[in-house]
A.B. asks: 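The following block contains the structure, expressed as structure tokens.
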Amino acid sequence: MQQGQAIIERIRRISAGVQRLELAVEKPHQAISGGQFFLARTDSAYGPYLREAWLPIAVRENVVIVERPTRYAYLPNQVIDLLGPIGRPFPLRSSARTLLLIAYEATPAIFLLMLQSALARQCAATLVLIGQARRYPFEALPPALEVTLAEYHERWAEREQQIAWADQIFAAAPPPYDIPAYLRLLEDVQRIRQAIGPETLYGVFQPPMPCGIGACQACLVRLQSGDEMLACIDGLAFDLTRVNLLQNLPNSPGA
Amino acid sequence: MQQGQAIIERIRRISAGVQRLELAVEKPHQAISGGQFFLARTDSAYGPYLREAWLPIAVRENVVIVERPTRYAYLPNQVIDLLGPIGRPFPLRSSARTLLLIAYEATPAIFLLMLQSALARQCAATLVLIGQARRYPFEALPPALEVTLAEYHERWAEREQQIAWADQIFAAAPPPYDIPAYLRLLEDVQRIRQAIGPETLYGVFQPPMPCGIGACQACLVRLQSGDEMLACIDGLAFDLTRVNLLQNLPNSPGA
Amino acid sequence: MLEITAGKSALRLSRPVIGASGAFGFASEYSKLIDLSLLGALVTNPISLRPRRAAHSTRVVPLDGGVLIHTGLPNSGIHKMHRQYAAKWRASPIPIIMHLIGSADDLAECAIFLDQQSEVAAIELGINDTLTAREVRAVVATVRARTQLPLLAKLPLYQAVNVAAAAVDGGANALVIAAPPRGTARDPLSGQLVGGRLYGTWLKPLVLRLVGQLAMRLDVPLIGCGGVHHPDDVRDFLEAGARAIQLDSVVWARPEMVTAIAQAFSVGELTRMAGALADEWRAIGEPAERRTQLLLAPPPPSMPSPPEI
Amino acid sequence: MLEITAGKSALRLSRPVIGASGAFGFASEYSKLIDLSLLGALVTNPISLRPRRAAHSTRVVPLDGGVLIHTGLPNSGIHKMHRQYAAKWRASPIPIIMHLIGSADDLAECAIFLDQQSEVAAIELGINDTLTAREVRAVVATVRARTQLPLLAKLPLYQAVNVAAAAVDGGANALVIAAPPRGTARDPLSGQLVGGRLYGTWLKPLVLRLVGQLAMRLDVPLIGCGGVHHPDDVRDFLEAGARAIQLDSVVWARPEMVTAIAQAFSVGELTRMAGALADEWRAIGEPAERRTQLLLAPPPPSMPSPPEI
Ligand SMILES: Cc1cc2nc3c(=O)[nH]c(=O)nc-3n(C[C@H](O)[C@H](O)[C@H](O)COP(=O)(O)OP(=O)(O)OC[C@H]3O[C@@H](n4cnc5c(N)ncnc54)[C@H](O)[C@@H]3O)c2cc1C
Ligand SMILES: Cc1cc2nc3c(=O)[nH]c(=O)nc-3n(C[C@H](O)[C@H](O)[C@H](O)COP(=O)(O)OP(=O)(O)OC[C@H]3O[C@@H](n4cnc5c(N)ncnc54)[C@H](O)[C@@H]3O)c2cc1C
Ligand SMILES: Cc1cc2nc3c(=O)[nH]c(=O)nc-3n(C[C@H](O)[C@H](O)[C@H](O)COP(=O)(O)O)c2cc1C
Ligand SMILES: Cc1cc2nc3c(=O)[nH]c(=O)nc-3n(C[C@H](O)[C@H](O)[C@H](O)COP(=O)(O)O)c2cc1C
Ligand code: FES
Ligand code: FES
């Protein structure tokens, strides 16, 4: 993890809602893997006070491509202050041959860098876009990826086969996370696969991260063991069979 | 005084430090006279919290030209929120035939709109640029205006004649005002002209103005009579023979 | 309609949005920019028994996202102010509340004077930061004994929780939470550190918490004041237990927001504002306790923020 | 060099810039980004006698120009924390100050334990917002009686002026002014109002004033904490009477500023910082009283801001 400067070299709008920024980054920021991200600051002032999470979707030598909503305006040559890489790479098993990625109402951008290496080593991968996630411009996705669309979880007709088929399953939701969605998925996976092996079912947890370095303790995720893990150090992907989902409901009664 | 929106139609840099913005303004803001100004906000957020004073230097139908330092960046078509006109027009006497304008270390922009009408009615006008004020691009000033340069007040060689010659004298300084400079000027004028008639010698007072409308009482200027006047309502020009200059020193011991 | 009653007299607010002392001037200064009849009431700038002159020192220090102001509370004393402004106050489309400052004796004399007049609908007492709870009770009781007018007490931010009950015991009919806190900043002009009161959007979370705490403990109407810059801020204050709010420095920074905030309320009843979520929203008529309790009750199922796609 | 002494033991700071509790973690978390040896000392995140778990509820609400945070102060209790971190603390290039929270009994037990250990150079006591001056004196005295270590007391913002003398009477060797205040904000996620502590640049003028007030009254070293985001902020605190400052949320927002701020000080002596005016600047060695008095002395002649031409 390093602090450094990046320069926006190119801005490409790929749909009404999504733009891709090509950032020239320094060495330490080129070594970023799928599931890791940056905490970015566009401004030398303090508004917004906290940094924004920027998700890289591809790396090419000294250029990292990140995806940002189009409602933020950027300029070519703009200098961006980056902290990163934050978090652990997604735990893609080397033995995994089939990969199921699910985006609940959220951009699938967080999966794309991992997907690149998975496809490179001949994994078969399916991306499920649920609800608003269907608005994602899937023409921009790798052709080798199979894409399934569903209005909502229960309308995801292929879920029996796809869940049974996958060696590993990753689910994302709008930040910070969507516990009800992850619960529905966990129940389905338990029902369909009976035993869920270790390193099989992951949810993405992306709480606000004041520091991103393990110091402020604000991004804790509670586990069923009673332990707590830091999303910025141990995340973003957490094994959904180990997380105490109910204790991570935002503003839950236990508070 | 009204709140309204203006659009930046054109941006022209006239020197390294000065740019002129042509603003398309609404009706009530076209009726602005020399000495009046706008309180502007470029941003819908609250940083900076207080509005900025924008000085118009010319009015042409629905276009007002304002001068701004080049260290602020603007874009064509940018929408600006304006409050104004603020303050009273400078009290240019209809009988005045000779006008002396002095800029101490400051842009003379605040004089230019008044100067336009003064020159239109055949006043003779001299502008004295002192210290840093000499960096002002005087090529951009009306040719009918006589310009005198001086390194500092005491080096202003022509001041005996020019002070004796003028029907009215106006002095400006960097905001909010420069009491030591105004004191030196007042002493000179008293020495050179013996009696100073009413409406002869004015200083520009431009304290920070939270409201600009006479409500917050933060812009008070103390007079020798013991009275107080509001710079936003009664200013910007105050008769230097009536102001209690020592009581308006920033953070003076009386505080 | 919110009523703040004191025996037989009452202050009636058609909308729970009030112009705060210090921000709107002494009467109709802002009528050039704002339709003041949209407000429920207007509080005058501070008025004292005897004349006060402006502070000599630096009076404004612009800050990141806020401003420090120290005016010295200039005014020509209550009698002269009354002569000067009575006609304007009579002509005001909304009730005028006079903000009074001074010692207990001064305040008592002001109260006796105002009780003879008809232009002012209520008194807001500026409670000095240095007073103990006991002193606050005494000051309020002194004024209470000398006027029939409804009495609002505006409490200092840091002391609000400690002195609120005392102000009510002394006879305050409503509490304004809170007067802006004092601070110190470097004056860029003189290069010196100067003191004054602080304004800005960041005040809101500080004040909102105090309102929430006091709403659970006290039965008196609470008026939130500090950092309200948006209709959503009003919603937050009402939900925390305030019955009304005061707008202060927003009128300088963005006068149009005063209108937007006031217009978010129809007369008497409360319409839902932009951004309000149906299931969170409570009508203004419900008692403060009820609304505050709800904050501590189990939450609705998680509501993901709108996706960024 | 600033020394905070307690009998024979002393905390020596090579620079008057300290990493604040809650912001820098428990030990060397920030060593990846910052050369921690540039700091004078580091205060750990809060540690309690018994384990504390993270708050269930929303823990972060981003705000305009700041942030609300409520962590619940998770830590596994002083004994386990000590086992886990002792090696890191021993290896630290700068003194480690442990921030302790809890009841008087808990704190006493923690103090007895720390007095047997060698890794921690001083204790910072987090003083609860709800304690009276008398209770603060008792808590500090309880801890004082059980350790030889230098004792810093970190006071709540609202109560700092009221409890400062009591903390000194109880035996505090330095005061940290102040712990961040609590506030309430709407969590965009759950749509509910939530509580927590508030951080941001706007804290500085509030805290600076308290430091100025206390420096005039007390003889104990004061450490300013709140809203320091720039080398000029350090200058302001030292001029107001602080002997050192703590950096907190700036390290999250702009870690590079921590280095810039620390590097503005050479060891022991104080160089003038960017933007400092020669005639205002006072050396750090002068007593606090002297420096604070100067603020109230007649000002230099007006210094116009640089012209905009
Ligand atoms: C509700 C209310 C009621 C009031 N009632 C009265 C009343 O009854 N009678 C009356 O006369 N006035 C009253 N006032 C006005 C007010 O209390 C004072 O007259 C005015 O604020 C002057 O206070 P001050 O600035 O001297 O005090 P403070 O703000 O307490 O400051 C004391 C001095 O220390 C300086 N200082 C502060 N912090 C620092 C620092 N960190 N470093 C260096 N210097 C610092 C300040 O600049 C100031 O000079 C009232 C005000 C209010 C809000
Ligand atoms: C220095 C220090 C020492 C400490 N010492 C101890 C100790 O000895 N022992 C210990 O157990 N803990 C200690 N703590 C931890 C701390 O005091 C509490 O455990 C923790 O802050 C929980 O407090 P709270 O959030 O419930 O209280 P508060 O912040 O006071 O809030 C009370 C409740 O009201 C809610 N609320 C607040 N404002 C509003 C509003 N406007 N509207 C609606 N609801 C609102 C809040 O969300 C909260 O649920 C210490 C902390 C510090 C800083
Ligand atoms: C511009 C301005 C704004 C004010 N705003 C408020 C306010 O919101 N609440 C309040 O109780 N008093 C307000 N007052 C009065 C102050 O609270 C307070 O009485 C006064 O500011 C105290 O001292 P000072 O201005 O001399 O520092 C304001 C005064 C002024 C001049
Ligand atoms: C992120 C974070 C930052 C903190 N910063 C400070 C601080 O600057 N000063 C301090 O005394 N304590 C600090 N603490 C501890 C708090 O002051 C305080 O003990 C704690 O926040 C109280 O309750 P809460 O976090 O449960 O609301 C911090 C704690 C955390 C988790
Ligand atoms: S974001 Fe601070 S510990 Fe994870
Ligand atoms: S700026 Fe508010 S009264 Fe002049």
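Letters A, B, ... are given to chains in the order of the sequence lines, protein chains preceding strands, and every chain is numbered from 1.
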A.B. asks: Could you tell me whether the side chain of B/E228 and the main chain of C/A54 form a donor-acceptor pair under 3.5 Å?
C.D. replies: yes

A.B. asks: Which heavy-atom pair separates C/E29 from B/G214 by the least distance, and what is that distance?
C.D. replies: CG-O, 3.6 Å

A.B. asks: Taking the side chain as every heavy atom from C-beta outward, state whether B/P210 and C/Y199 have any atom pair closer than 4.5 Å.
C.D. replies: no

A.B. asks: Is it the side chain or the backbone of B/L39 that comes within 4.5 Å of chain C heavy atoms, both, or neither?
C.D. replies: neither

A.B. asks: If you measure from CG on B/D227 to OG on C/S76, what distance do you get to the nearest 0.5 Å?
C.D. replies: 10.0 Å

A.B. asks: Is any side-chain heavy atom of B/C216 closer than 4.5 Å to one of C/T71?
C.D. replies: no

A.B. asks: So for atom CD, which belongs to B/E154, do other residues, nucleotides or ligands contribute more than 12 heavy atoms lying within a distance under 6.0 Å?
C.D. replies: yes

A.B. asks: Relative to chain B, which segment of C/V250 carries a heavy atom at a distance below 4.5 Å: side chain, backbone, both, or neither?
C.D. replies: both

A.B. asks: List for me each residue that meets ring pair (Phe, Tyr, Trp, His ring centres under 6.0 Å) alongside B/Y104, sequence neighbours excluded, and say none if there are none.
C.D. replies: B/H153

A.B. asks: Any non-hydrogen side-chain atom of B/R222 less than 4.5 Å from a side-chain atom of C/R53?
C.D. replies: yes

A.B. asks: Which heavy atom of B/C211 sits nearest a heavy atom of C/Y30, and at what distance?
C.D. replies: CB-OH, 3.3 Å

A.B. asks: Given B/Q217, which of C/N75, C/N45, C/L73 fulfils the side chain to side chain contact (heavy atoms under 4.5 Å, CB included) condition?
C.D. replies: C/N45

A.B. asks: Kindly give the heavy-atom pair with the smallest separation between B/R51 and C/P255, and that separation in Å.
C.D. replies: NH2-CD, 3.7 Å

A.B. asks: Can you name the closest pair of heavy atoms from C/T201 and B/Y49 and give their distance?
C.D. replies: N-CE1, 4.3 Å

A.B. asks: Are the aromatic rings of B/Y46 and C/H230 close, with centres under 6.0 Å apart?
C.D. replies: no

A.B. asks: For B/R41, is there any backbone N or O sitting under 3.5 Å from a side-chain donor or acceptor partner on C/R254?
C.D. replies: no

A.B. asks: What are the two closest heavy atoms between C/A23 and B/A215, and how far apart are they?
C.D. replies: O-CB, 3.4 Å

A.B. asks: Does C/K32 NZ have over 12 foreign heavy atoms under 6.0 Å away?
C.D. replies: yes

A.B. asks: Which answer fits B/P208, side chain, backbone, both or neither, if we ask what part of it has an atom under 4.5 Å from a heavy atom of chain C?
C.D. replies: both

A.B. asks: At a heavy-atom separation under 4.5 Å, does C/S249 approach chain B through its side chain, its backbone, both, or neither?
C.D. replies: both

A.B. asks: Do the non-hydrogen side-chain atoms of B/L83 and C/L33 ever get within less than 4.5 Å of each other?
C.D. replies: yes

A.B. asks: Please flag which part of B/L50 lies under 4.5 Å from any non-hydrogen atom of chain C: side chain, backbone, both or neither.
C.D. replies: side chain

A.B. asks: Looking at every heavy atom in both C/R59 and B/A218, which two are closest together, and how far apart are they?
C.D. replies: NE-O, 3.3 Å

